[in-house]
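Each chain gets a letter, A, B and so on, in the order the sequences are listed, and its residues count up from 1. Only a predicted model underlies this, so the values are computations on that prediction, with no experimental measurement involved.
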Amino acid sequence: MPSPRGTTHSLKKPEERGTRLQDNLLAWYAAHARDLPWRRTRDPYRTLVAEVMLQQTGVGRVLPKYEQFLQRFPTLEALASAPVAEVIRTWAPLGYNRRAVYLSRAAIAVIEKHGGAIPQEPELLRRLPGIGPYTASAIACFAFGQDEPVVDTNIRRVLVRLLLGARDPRTVSAREVTGLARQVLPRGRAAEWSQALMDIGAGLCARDRPSCSLCPARPRCAAAPSFLKQPPAPRRVAESRPYYGSPRYFRGRIVEALRSREAVQGLTMAALGPHIKEGYAVEDEPWLLDLLKGLARDGLVRLAAERVVLP
DNA sequence: AAAGCGGGGAC
DNA sequence: GTCCCAGCTTT
């Protein structure tokens with residue numbers, strides 16, 4: 001599966017071999033890679049499912065859901081032909097339920113516009129619902145083996161520290177980070193490389209407490225000297241609004257209520273309300289209706305004949 | 001550029 | 001209780 005070694009260092013003298021950043025990190029990865037189920041396949045459909053699940057959802061929470069979802073929807077065709085309601089049900093409890101809707105729509109779009117074959121080019125992948133810059137390049141690279149730079153928050157942080165030093169990764173533009181990523185990408189080994197950077201970002205190059213002394217990139221890292229003296233300043237928290245009681249919270253409650261067995265035929269607002277809010281009363285109906293309209297816009301519920309139901 | 005979108009687990 | 005996490009879409 002892994003391609004032959006790149007030739008980028010073939011002109012270097014023998015004694016310099018193994019001293020390149022890429023060689024160090026790829027060797028470290030060969031010994032320390034996390035054994036994750038989506039790394040055991042290059043099937044584009046399985047890769048697509050994994051990458052969408054991993055959007056803003058930690059590895060530990062995707063792990064138990066991944067195989068279960070694939071068992072329920074083993075192929076792209078199975079996913080495309082399933083009712084969206086089933087996809088939304090199976091999606092729980094990953095959160096960001098719109099992803100389930102997008103994933104369903106993406107499967108349908110692949111059938112209708114690409115003859116059932118997930119496209120290889122990032123520009124084409126990017127046009128599928130729910131697939132942005134990260135997911136498009138991840139599929140192109142991990143499933144199709146393209147030398148495509150992949151940039152997620154982990155890789156962004158690692159590359160910025162490695163190449164630009166101890167500064168806030170968020171202050172670097174996406175364009176610049178992608179440029180850096182492309183610049184250091186080892187030809188022919190891009191998938192291993194990006195996954196190595198992800199593992200380093202997740203396990204060693206932590207946001208607040210980087211373990212520079214354990215890091216294979218330390219000798220080449222622009223930020224390590226600084227961090228070894230003093231860890232990075234903890235990120236200042238943006239004033240976060242309370243989650244409980246927020247529209248987001250109630251949206252989640254609504255979708256969760258509709259997932260239940262009793263709600264397969266849908267629920268009236270009067271029946272739904274008490275499931276959502278303590279002490280729900282008729283005067284709360286406009287409030288609930290607003291939430292439902294938002295969910296309907298997102299394709300997460302359908303409003304029909306006095307009833308609310310998963311689409 | 002900024003807001004909105006979930007929810008389980010770590011602390 | 002607060003904060004985090006392999007982003008994307010819409011305004």
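Look at A:R207 and you'll find a side-chain N or O under 4.0 angstrom from OP1 or OP2 of C:dC4. Dashed line: the shortest gap from a side-chain N or O of A:Q56 to OP1 or OP2 of C:dG7 is under 4.0 Å.
A salt bridge links A:D199 and A:R39; the closest N-O separation between the charged side-chain nitrogens and carboxylate oxygens is under 4.0 Å. Between A:R72 and A:E86, at least one side-chain N (NZ, or NE/NH1/NH2) sits under 4.0 Å from a carboxylate O, which counts as a salt bridge.
A:G132 comes within contact range of the sugar-phosphate backbone alone, with a heavy-atom separation under 4.0 Å but no base atom that close.
If you take CH2 of A:W91 and C1' of C:dC8, they are 12 Å apart, rounded to a whole angstrom. A:R259 has its CZ atom 9 Å from the P atom of B:dG6, to the nearest Å. Straight-line distance from the CG atom of A:L291 to the C1' atom of B:dG4: 13 Å, rounded to whole Å. Per the geometry, OH belonging to A:Y102 stands 6 Å off P belonging to C:dT9, to the nearest Å.
With a 4.5 Å cut-off on side-chain heavy atoms, A:Y280 and A:H275 do not count as touching.
Scanning atom types as modelled, no donor and acceptor separated by under 3.5 angstrom connect the side chain of A:R251 and the base of B:dG6. One can find a donor-acceptor pair under 3.5 Å joining the base of B:dG6 and the side-chain atoms of A:T57.
The side chain of A:T135 has C:dC8 as its nearest neighbour among C:dC8, B:dG6, B:dG8. The side chain of A:Y96 has C:dG7 as its nearest neighbour among C:dA6, C:dG7, C:dC4. Taking only side-chain atoms of A:Q55, from C-beta outward, the nucleotide of C:dC4, B:dG6, C:dG7 with the closest atom is C:dG7. The listed nucleotides are C:dG7, B:dG7, C:dA6; the one nearest the side chain of A:Y243 is B:dG7. Distances were taken from every side-chain heavy atom of A:R34 (C-beta onward) to each of C:dT9, C:dC5, C:dA6; the shortest belongs to C:dA6.
Side-chain polar atoms of A:R126 and A:T135 form no donor-acceptor pair below 3.5 angstrom. Side-chain atoms of A:Q55 and A:Y134 include no donor-acceptor pair closer than 3.5 Å.
When the nearest nucleotides of DNA chain C are assigned to A:G58 and A:R126 by heavy-atom distance, the more 5′-ward of the two goes with A:G58. Projected onto DNA chain C by closest heavy-atom contact, A:Y244 and A:L54 fall at different nucleotides, the more 5' of which corresponds to A:Y244.
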